[in-house]
Participant: 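Quick one: this structure, given as structure tokens, is what I'll be asking you about.
Order of the sequence lines sets the chain letters (A, B, ...), proteins ahead of strands, with each chain counted from 1.
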2 protein chains.
Amino acid sequence: MNLPPLTQSFVLHFGEMGSRWGINRTVGQIYALLYVSEAPLCADQIVEALGISRSNVSMSLRELQAWNLVLLRHLPDDRRDFFTTPDDVWQILRTLAEERKKREIDPTLSVLREILMQEPDSPEERFGQERMAEMHALIERLTTWYDDVKQLDTGRLALLLGLGAGITRLLDAKDRIVGLGRRKPGSGEGRR
Amino acid sequence: MNLPPLTQSFVLHFGEMGSRWGINRTVGQIYALLYVSEAPLCADQIVEALGISRSNVSMSLRELQAWNLVLLRHLPDDRRDFFTTPDDVWQILRTLAEERKKREIDPTLSVLREILMQEPDSPEERFGQERMAEMHALIERLTTWYDDVKQLDTGRLALLLGLGAGITRLLDAKDRIVGLGRRKPGSGEGRR
DNA sequence: TATGGATTTCAGAATTTTCTGAAACTTCAG
DNA sequence: CTGAAGTTTCAGAAAATTCTGAAATCCATA
């Protein structure tokens, strides 16, 4: 590996964390390298920088493309593919959230749905199914919220984030103003 | 493996997803089994139900305890440990969020902080460092928001989730009513 | 402090994942 | 059509992780 010190720390860290994030070491390192590089890099430059095999780079770039985490660039009169990451960290965040949902949540949701459609054939099964229903309801709630929030433009999203828990003050204020009915605060359940 | 069909589907699915979630197959299966079981189970019952070795169960329960995902129970006049999961899915969600943050985010945040304190010794390094600063700022923002939101009681949290993107209507309304000063809408920065 | 039921540890076996080098493929220029 | 530059594929090597059985440990009781 042949990198300046700060870059190297960053790249090595992404490599180590890779497994916790559901990608592997090489994929993590390549992503980190592209992220901190000003100009797009081609496969051989990555081989050079990280000291890994050409084929590993090829596979890993393919994986990063499957995650939609890299962009393809071309130079005039050069057949090689060059890769970068998007500039906007908010965009990266959105992609990451989307892909992780797709891989880590959606399959479970669909398994749960399938199980919930079946008839349990013992009291134990019935109990278990009820627990699964609770889990399903919670995940549905979260993904619905996520689907909503991801539509927001970055400005509003940042605003919301900045507000933090302060949002409840706003909710309280709203309840006071709107007053009647629409929703009981603090009831915890009920809706949908 | 010796389980009724719906339970088995659920357990097997958690086993398969385990690797994507940063735990291993056995840990996933044991968690799933405890989750759908009405009564707490002891290690030997888990061995029986899942058909895996006693030592594997012991290791995996230890892992689940490290994740704070299981509760220990005791029966009178029985020395064995019995395990369950918390009843409240919201509580489970909180634990999961906390633990994943601890394992997946915090280490990166601290590496980034360390790198940002150093002096880059080339223009490339300087560029990279600026990118890392952007990443750091975003993660800080998200974790600050998370630290805020996790303080909310479940009722309010559920309320907020139910509101979804509708929250921005509320924000707009507030801006219209409060009108003057307190905060510039859409600026994206500022607070704390 | 000896006994025995229960749990934990740990070295190595089994399995899975990652990585490599060689070969195959693709595309374009001459 | 041929060959050069580039890329991908894939079988097996290397590495990492997971799982097991046997031995060690723990601990309440007598």
Participant: Out of C/dT20, D/dT7, C/dT8, which has the shortest distance to the side chain of A/Arg54?
Facilitator: D/dT7

Participant: Below 3.5 Å, does any donor atom in the side chain of B/Arg79 face an acceptor in the base of C/dA6, or the other way round?
Facilitator: no

Participant: Both B/Leu61 and A/Asn56 contact DNA chain C. Which one's nearest nucleotide lies toward the 5' end?
Facilitator: B/Leu61

Participant: For A/Ser58 and for B/Ile52, locate the closest nucleotide of DNA chain D by heavy-atom distance; then report the residue assigned to the nucleotide nearer the 5' terminus.
Facilitator: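 Looking at DNA chain D, the more 5' nearest nucleotide goes with A/Ser58.
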
Participant: What nucleic acid atoms does A/Ser19 come within less than 4.0 Å of, heavy atoms only: base, sugar-phosphate, or nothing?
Facilitator: nothing

Participant: May I have the distance from B/Asp77 (atom CG) to C/dG5 (atom P), rounded to whole angstrom?
Facilitator: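 To the nearest whole Å, that distance equals 16 Å.
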
Participant: Looking just at side-chain N and O atoms, do B/Thr95 and B/Asn68 make a donor-acceptor pair shorter than 3.5 Å?
Facilitator: no

Participant: Is any side-chain nitrogen or oxygen of A/Arg25 closer than 4.0 Å to OP1 or OP2 of C/dT18?
Facilitator: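 Looking at the OP1 and OP2 atoms of C/dT18, neither is under 4.0 Å from any side-chain N or O of A/Arg25.
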
Participant: In whole angstroms, how far is the C1' atom of D/dT7 from the CD1 atom of A/Ile46?
Facilitator: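 Spelled out: CD1 on A/Ile46 to C1' on D/dT7 is 13 Å.
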
Participant: Could a donor-acceptor pair under 3.5 angstrom be found where the side chain of B/Ser53 meets the base of D/dG21?
Facilitator: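 No, no donor-acceptor pair under 3.5 Å.
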
Participant: Around B/Glu98, counting heavy atoms of other residues, nucleotides and ligands shown, do more than 12 lie under 6.0 Å from its CD?
Facilitator: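 Yes, CD of B/Glu98 has more than 12 neighbouring heavy atoms, counting only those of other groups under 6.0 Å.
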
Participant: Membership question, hydrophobic clusters at under 4.5 Å side-chain separation (ILVMFWY): are A/Phe83 and A/Leu71 in the same one?
Facilitator: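 No, no single cluster joins them.
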
Participant: Could you state the CG-P distance from A/Asp78 to D/dA4, rounded to the nearest angstrom?
Facilitator: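 That distance rounds to 19 Å.
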
Participant: Only pairs at least two apart or in different chains count here, so list each ring pair (Phe, Tyr, Trp, His ring centres under 6.0 Å) that has a residue in residues 116-156 of chain A.
Facilitator: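 Applying ring pair (Phe, Tyr, Trp, His ring centres under 6.0 Å) to every pair that reaches into residues 116-156 of chain A, excluding sequence neighbours, yields nothing.
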
Participant: Contact class for A/Asn24 (heavy atom, under 4.0 Å): base, sugar-phosphate, or nothing?
Facilitator: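 Sugar-phosphate, no base atom in range.
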
Participant: Does C/dC19 have OP1 or OP2 under 4.0 Å away from a side-chain N or O of A/Thr26?
Facilitator: yes

Participant: Roughly, in whole Å, what's the span from CG in A/Leu41 to P in D/dG6?
Facilitator: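 The answer, rounded to whole Å, is 16 Å.
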
Participant: Between A/Arg80 and A/Met59, which is nearer to the 5' end of DNA chain D once each is assigned its nearest nucleotide?
Facilitator: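 Looking at the nearest nucleotide for each, A/Arg80 comes out on the 5' side.
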
